[in-house]
Amino acid sequence: MGKFDIDDILNDLGVSPDAPAESRRRAPGSGTSGATADTVSPTKRHRIDEASDAFSPLPAVPSGQRSFDREVVVEDDPAVPVRPAETPQSNVGHALAEVFNPGDEAGVPVLSGRALGEFLLSAGAVTPQQYTAAQQVLRASPGRRLTEVLIEQGADEIAVYKALAQFADVPFERVDLDKGLDGGFDGGAMQRLGIDFCKQHTVLPLRQTGQGRTGAPSRLVVGATNPDDVFLIDEIRRRVGGTAVKIVVCPPNDIRAAIEIVGVGEQKDLDISEILSDVDEGDVQVEKAKENQEVDLEAQAAESPVIRYVNFIIQTAVKEGASDIHIEPAEKRLKVRFRIDGVLFEMMNPPASMSSAIISRLKIMANLDISERRLPQDGRIRCTVGGRKLDLRMSTLPNGYGEKVVLRILDTKSINVELGQLGFSEDALTLWTKAIDEPHGIVLVTGPTGSGKTTTLYASLRTLDKISLNISTVEDPVEYHLDGITQTQTHEKIGMSFAKALKALLRQDPDVIMLGEIRDLETAQTAVQAALTGHLVLSTLHTNDAPSSITRLVNIGIEPFLVGAAVRAVLAQRLVRRLCQHCKSNEQPSPEFAEYLAMQGMDPDGVWIAKGCEKCRNTGYSGRVGIYELLMVDDQLRDIVARNPNVAEFRKLCIERGMVTLRGDGMTKVAKGLTTVEEILRVTEAAG
């Protein structure tokens, strides 16, 4: 700290430097000689002089102890000097202004997370979806900053920090990286602060402005990302020798880029031979890693905080209605995402140091080998959450920073859905019910992973008479257990394939067989033979639409005439998100959108759009509903299939014969106000 005139400082404090010393201090011996308070200067009067028992012969009761002969009333400490009223900001003199200028921080409000978030929304810096996702992360990862999480959610960094500066009432500046140390930022002040300090706190000294009484710069302008951190401001002032500090908001990437420029500028050409001259081959010895890490991980995974955090992740996922949990380790962070209504949302950011412990805890719960971190593993966790019994299907996959874990939540409550609740139209439901009541033949459900095929098959099986029929399934894996049905799981490692299990089932006198998937020629041949010999076979295929399932069986190797004779019906399906009933809105579409709706035969004024509210995480959607494309194979289509038509030709014929496409069924649900056109186009882009 520089030298200052003591008289100037006393004047700023309201004490006359010409007053005698006795008037600026208490009269000596006043506590024993009976001197009154009038002998003390009014500007320096102490509360101890004004207290009624200030000179009581009994000593004061020490702090924290009680008096046994009288009631103690807790008052202000009588030994604290009576301070004058707060001096207005404008009355601070120039001497104190060089030591401390309240204008540097007085206008900076405390940045409340909710208030800042609402301001960012109103300013258009972030979307409601980004803010809602960031709130989820902040609730699960306390201590993080809202702006940092919003940037991770994809928000525009410049827009966010411009709005932050406006909210905090401080200037916003971009760092002139082209000028660098020649006017872009202050290299000398950066050296005084320290490169590591600037990097750790994301601060950058930009320039020095103003002049003090001695002519030297009196204020250092510092770019920062957190303008309300008063402790950081004090530390900066201390490091630069007491100079007043003015904070401006700068984007983090600008500050990091400037620090990198300084780091590159400091590098010098190194003489490799000079460095190696003092190095011997035996100076560094490589030791084999001790094989006891798994013991440490097991002990760490058994610690109470880790157990509670894993339970918290599972409970939150069930509460939010998630179908999958993704735990993804990275270099400096651990990301936890939930798939809700078919879309992934980032929900938590546990400390990266907890990555191994969390994954090891999940492995212990699934009875997996925690010491094996190089190979993928699959397991199953059975647990009870909120009184509901759940199965979690766990899969691990090694990556560059550990292991990624995906948990599929198998909730019996979500699978116990009746056929009529899935979203079938009346005509499609009637035709599908007729198809699964057939005594023999193949009934296929097709669609990509996560399109609800298993839910449709299980709902179909529950409509069958389990008392009079022998119903068996072959699945990989058995996801849900159904009463009255024999369920068999395949094991490829020991040769228990779909084809082998199906052949074994045919010797069990079955009436209805459900195959998890037709994957190869052997399984397809066995399924066709079973269908032609008086068994009803329900199975799945991975195709985009219903007509292409017929050609897929032909491409696998089944003769076209056998495919036409065996297949009774094919159902292609997708899951689309439902409109939130609390916030959906009916607004006038744009002219281009209205023209598209008219081409689809829809009323532009009767279309609902997704708005977003707190109950739907500002997405505008809550829950899902199915859209379906049902192809019934009759005698005329069997003749066409026997001629082995190409996919485009066969699909065109099916549409001409009255098949409702996925997009057509979706538009019908849009007209009913169940979903939006954007959602239909999103899931039917490949199917058309």
Side-chain angles (χ1 to χ4, degrees), residues 1-2 4 9 80 83 86-87 89 92 96-117 119-120 134 137-138 141-152 157 160-173 175 185-210 212 217-256 258-259 262 332-333 349 351 353:
M1 183 179 294
F4 300 96
I9 295 177
V80 178
R83 296 179 180 177
E86 291 292 331
T87 304
Q89 179 178 335
V92 176
L96 286 182
E98 295 184 2
V99 181
F100 169 73
N101 189 344
D104 296 337
E105 297 94 9
V108 181
V110 178
L111 300 183
S112 169
R114 179 176 295 275
L116 175 60
F119 185 85
L120 293 174
V137 173
L138 291 173
S141 306
R144 300 195 63 194
R145 292 175 55 199
L146 175 62
T147 52
E148 174 188 347
V149 177
L150 285 171
I151 300 304
E152 292 178 358
E157 181 181 271
V160 167
Y161 280 92
K162 274 186 178 179
L164 171 65
Q166 185 179 357
F167 179 79
D169 196 21
V170 296
F172 174 83
E173 290 189 19
V175 180
F185 45 90
D186 192 334
M190 186 184 297
Q191 293 296 330
R192 293 200 300 275
L193 286 178
I195 301 297
D196 293 337
F197 177 85
C198 295
K199 187 180 297 184
Q200 178 183 355
H201 298 281
T202 321
V203 296
L204 181 71
L206 300 176
R207 59 189 174 275
Q208 293 184 342
T209 61
S218 63
R219 179 175 296 184
L220 176 66
V221 180
V222 177
T225 60
N226 191 13
D228 67 334
D229 191 344
V230 294
F231 298 105
L232 177 60
I233 298 172
D234 289 341
E235 179 64 17
I236 294 174
R237 183 184 293 112
R238 186 190 67 81
R239 286 174 174 259
V240 297
T243 304
V245 174
K246 177 183 178 182
I247 293 294
V248 299
V249 173
C250 293
N253 282 337
D254 285 11
I255 296 177
R256 296 189 190 102
I259 295 175
V262 174
K332 296 182 179 179
R333 58 190 295 239
N349 288 128
S353 58

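The structure presented is a predicted model; accordingly, all values stated were derived computationally and were not measured.
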**OP:** Take Asn349 and Arg144, measure what side chain to side chain contact (heavy atoms under 4.5 Å, CB included) needs, and give me the verdict at the end.
**Re:** CA-CA 9 Å; Asn349 288 128; Arg144 300 195 63 194; 2.4 Å; yes
Quick check for you: to the nearest 0.5 Å, what is the distance between [X] atom [atom1] and [Y] atom [atom2]?
X: Arg237; Y: Leu220; atom1: CZ; atom2: CG; answer: 10.5 Å
X: Glu148; Y: Leu138; atom1: CD; atom2: CG; answer: 9.0 Å
X: Ile247; Y: Asp228; atom1: CD1; atom2: CG; answer: 10.5 Å
X: Ile236; Y: Lys246; atom1: CD1; atom2: NZ; answer: 14.5 Å
X: Thr147; Y: Asn226; atom1: OG1; atom2: CG; answer: 7.5 Å
X: Leu150; Y: Leu116; atom1: CG; atom2: CG; answer: 8.0 Å

Looking only at heavy atoms, which two atoms of [X] and [Y] are closest? And how far apart?
X: Tyr161; Y: Thr225; result: CE2-O, 3.7 Å
X: Ala134; Y: Leu146; result: CB-CD1, 4.1 Å
X: Gly223; Y: Ile255; result: O-CD1, 3.8 Å
X: Phe119; Y: Ala163; result: CE2-O, 3.2 Å
X: Ile233; Y: Pro227; result: CD1-O, 4.2 Å

**OP:** Kindly indicate whether the side chain of Glu152, heavy atoms from C-beta on, has any atom under 4.5 Å from the side chain of Arg333.
**Re:** yes
Original post:
Are the side chains of Val221 and Pro205 in touch, meaning some heavy atoms are under 4.5 Å apart?
Top reply: no
Subject >> Test side chain to side chain contact (heavy atoms under 4.5 Å, CB included) applied to Val222 and Cys250, step by step >> reply: CA-CA 9 Å; Val222 177; Cys250 293; over 6 Å; no
**OP:** Check the pair Arg239, Phe197 against side chain to side chain contact (heavy atoms under 4.5 Å, CB included), reporting the backbone distance first and the verdict last.
**Re:** CA-CA 10 Å; Arg239 286 174 174 259; Phe197 177 85; 3.5 Å; yes
Original post:
Is a side-chain N or O of Arg219 found less than 3.5 angstrom from the main chain of Thr209, in a donor-acceptor match?
Top reply: no
Subject >> Salt bridge flag under 4.0 Å for residues Lys162 and Glu157 >> reply: no
Subject >> side-chain contact (heavy atoms from CB on, under 4.5 Å) involving Arg256 - partner list, sequence neighbours excluded >> reply: Pro252, Asn253
**OP:** Apply side chain to side chain contact (heavy atoms under 4.5 Å, CB included) to Leu206 and Val248, showing your working.
**Re:** CA-CA 9 Å; Leu206 300 176; Val248 299; 3.7 Å; yes
